[in-house]
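If you read the sequence from its start, that first residue is 1, and numbering goes on from there. Note that this is a predicted model, so its numbers are computed, not measured.
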Amino acid sequence: MDEDFDIPAADDMMNDDVDLPDEAPIMKVVEEKEIGKQGLKKKLVKEGEGWEKPESGDEVEVHYTGTLLDGTQFDSSRDRGTPFKFTLGQVIKGWDEGIKTMKKGENAIFTIPPQLAYGESGSPPTIPPNATLQFNVELISWTSVKDICKDGGLFKKILTEGEKWENPKDLDEVLVKYEAKLEDGTVVAKTDAKEFTVKDGHFCPALSRAVKTMKKGEKILLTVKPQYGFGEKGKPATGAEGAVPPNATFQITLELVSWKTVTEVTDDKKVIKKMLKEGEGYERPNEGAIVKVKLIGKLQDGTVFLKQEQVIDGLDKAAMTMKKGEIALLTIAPEYAFGSSKSKQDLAVVPPNSTVYYEVEMVSFVKDKESWDMNTPEKIEAAGKKKEEGNVLFKAGKYVRASKRYEKAVKYIDYDTSFSEEEKKQTKALKVACNLNNAACKLKLKDYKEAEKLCSKVLELESSNVKALYRRAQAYIHLTDLDLAEFDIKKALELDPDNREIKMEYKVLKEKIKEYNKKEAKFYGNMFDKMNNKVEPANKSAANEAAQVSIDSKA
């Protein structure tokens, strides 16, 4: 689609007093290039290390020598023997823009025009008005200081770098050490081990905001403004914690010791996994993998009901997220555990509607072979095995897991363009059986739309399949598509007139149709009554008006 967009002019895109530098140019030693568009020039004297560069707010340490264009020196940290430390963003603009292009250990000469230095006024007595300056700068090091919330309310200074790259998320449980001090040095809170859920927070809003930016083992200094501390009200002294005055800015030394990753295994948040120990490598079991686990099952009150291997739907789903050697605590809602029925286990009875807890160790697993790694005979064999597994699960009443087995079986043989005619006959029979059985699962699970779709797929392959017509009719009845249900039932009876189950279903359908027709008749009867009630008063009013006209005319 062609669309025209107005592109604003350069002057409209930025304020006149802000000059955003171009991406730092790639330079060779002794080469000089312009930075930005206001006349700032940089000449590289010595290459730096790595790729990182300081940003606004960082605490920077440099050695420098400053001269006028005629060579007159007006200042030098080198002569004093002490590096100059400052916060980037709080010096002359030429320095701010130039030093942002430098790497650690780099040495460069910056030529800074008056508008990016001291301007018309200069800096008497050493720097005259409208002076262009040159600075020979060596970037020794810097400490990163980040404005975490981008609003000037919470600043983070890294004291010790952390490990890896991951950061905690809202659901994770973090273990921290911290010490909070007022600006006068008064300690108001301190702990060597505090665990809390990130989204729930602890002590003040700053902690949960900060830990989400940290790596394991990282230690930082937080500068906390009132909006991320205790605001206008402050905080009274409580227990071991001191008072924080109203509108107080304070600092927190914070170390992220470790954290437990907590994830929602299912979209409805009814299976939750808390990682207690990280696993090895990156591989996880796939659908149908042979898995060996150690597990302990507990009720909410701590009662142990199981110490062995048993698979329930929620455990099955969670296992697919685990690596070899991983240990996790699973919280599984009744819908993914034993449901509304009482379940007798090895060590205790699980009451109806129980949330259960499993501590699971993934000992090992052998991944199920994926279809793209199989030849045609292997695909057909694998599909047959999945169908049989599904049948066993269906008979055990485990309809969700049975459904997944049937789906997997069909996936193995779905694309059969390269199959021989004999192989196509085999796969057709498998597809019909798996989709029919899966439709039976969906009916049990009350997923009537999916049941209807699966039966329709079977009827595309075999238009006279009685079971498909019968099960689709059942789905239509629950979806209140009674006309379609009657069509399928009648066709099924034509094909198998002595089928007792279909006859029974037809009786149910006829009762549904009668009930539906009664409701329809009642609904329309009530509607017509209301319409008549509205018409009658109008007619009476018209009659009264006619009578009044007659009286008036006689007068």
Side-chain angles (χ1 to χ4, degrees), residues 265-266 268 270-271 285-299 304-322 330-358 360 362-363 365-368 381-412 429-448 450-451 454-455 458 467-468 470-471 474-475 478 501:
V265 176
T266 57
D268 56 10
K270 291 186 176 179
V271 180
N286 60 352
E287 185 86 35
I290 299 170
V291 174
K292 183 179 179 183
V293 297
K294 292 178 184 175
L295 59 96
I296 300 172
K298 295 181 182 180
L299 301 178
V304 176
F305 63 83
L306 184 72
K307 278 189 178 180
Q308 60 174 34
E309 179 181 352
Q310 180 179 353
V311 177
I312 56 177
D313 188 41
L315 182 55
D316 207 24
K317 291 176 182 294
M320 291 175 64
T321 71
M322 297 179 70
L330 306 177
T331 302
I332 304 177
E335 294 91 326
Y336 293 92
F338 301 101
S340 57
S341 303
K342 181 168 70 174
S343 178
K344 188 176 179 182
Q345 298 295 304
D346 289 354
L347 304 176
V349 172
V350 178
N353 299 309
S354 291
T355 294
V356 296
Y357 305 84
Y358 284 92
V360 185
M362 178 63 70
V363 178
F365 59 87
V366 178
K367 292 181 78 170
D368 202 16
E381 183 184 356
K385 283 182 180 177
K386 290 297 171 194
K387 186 195 87 168
E388 292 309 316
E389 289 172 14
N391 292 349
V392 171
L393 290 165
F394 184 89
K395 288 171 185 174
K398 297 175 181 178
Y399 305 119
V400 173
R401 293 176 60 210
S403 174
K404 290 199 175 291
R405 293 297 190 277
Y406 295 133
E407 286 171 7
K408 184 87 173 181
V410 172
K411 279 182 184 175
Y412 281 130
L430 277 169
K431 284 178 191 177
V432 166
C434 288
N435 283 329
L436 272 177
N437 293 352
N438 199 2
C441 291
K442 298 301 183 184
L443 287 171
K444 292 284 188 183
L445 295 166
K446 299 182 180 180
D447 189 351
Y448 303 116
E450 280 302 312
L454 288 161
C455 291
V458 173
K467 282 186 180 178
Y470 169 57
R471 287 176 188 167
Q474 288 179 302
H478 287 287
E501 286 184 354

In Å, rounded to the nearest 0.5 Å, how long is the span from SG of Cys455 to CG of Asn435?
9.0 Å
Using side-chain heavy atoms (C-beta onward) and a distance below 4.5 Å, is Ser403 in contact with Glu450?
no
Ion pair present between Glu407 and Lys442, side-chain N to carboxylate O less than 4.0 angstrom?
yes
One should read off an interatomic distance between Asp268 CG and Glu335 CD, to the nearest 0.5 angstrom, of 7.0 Å
NZ/Lys467: more than 12 non-hydrogen atoms of other groups inside 6.0 Å:
no
Evaluate whether atom NZ of Lys294 has more than 12 neighbouring non-hydrogen atoms of other residues, nucleotides or ligands under 6.0 angstrom away.
no
Side chain proximity check, Leu315 to Tyr336, heavy atoms < 4.5 angstrom:
no
d(Tyr406 OH, Arg401 CZ) to nearest 0.5 Å is 12.5 Å
What distance do Lys431 atom NZ and Lys387 atom NZ have between them, rounded to the nearest 0.5 Å?
15.0 Å
Classify the ring geometry between Tyr358 and Phe305 as parallel (under 30°), tilted (30 to 60°) or perpendicular (over 60°).
perpendicular
Less than 4.5 Å apart, side chain to side chain, heavy atoms only: is that true for Arg405 and Lys398?
no
N/O donor to acceptor pairs below 3.5 angstrom from side-chain atoms of residues 346-357, sequence neighbours left out:
from, atom 1, to, atom 2, distance (Å)
Asp346, OD2, Gln308, NE2, 3.2
Ser354, OG, Pro351, O, 2.7

Backbone of Ala451 reached by a side-chain donor or acceptor of Arg471 within 3.5 Å:
no
Steps toward side chain to side chain contact (heavy atoms under 4.5 Å, CB included) verdict (Asp368, Lys386)
CA-CA 11 Å; Asp368 202 16; Lys386 290 297 171 194; 3.1 Å; yes
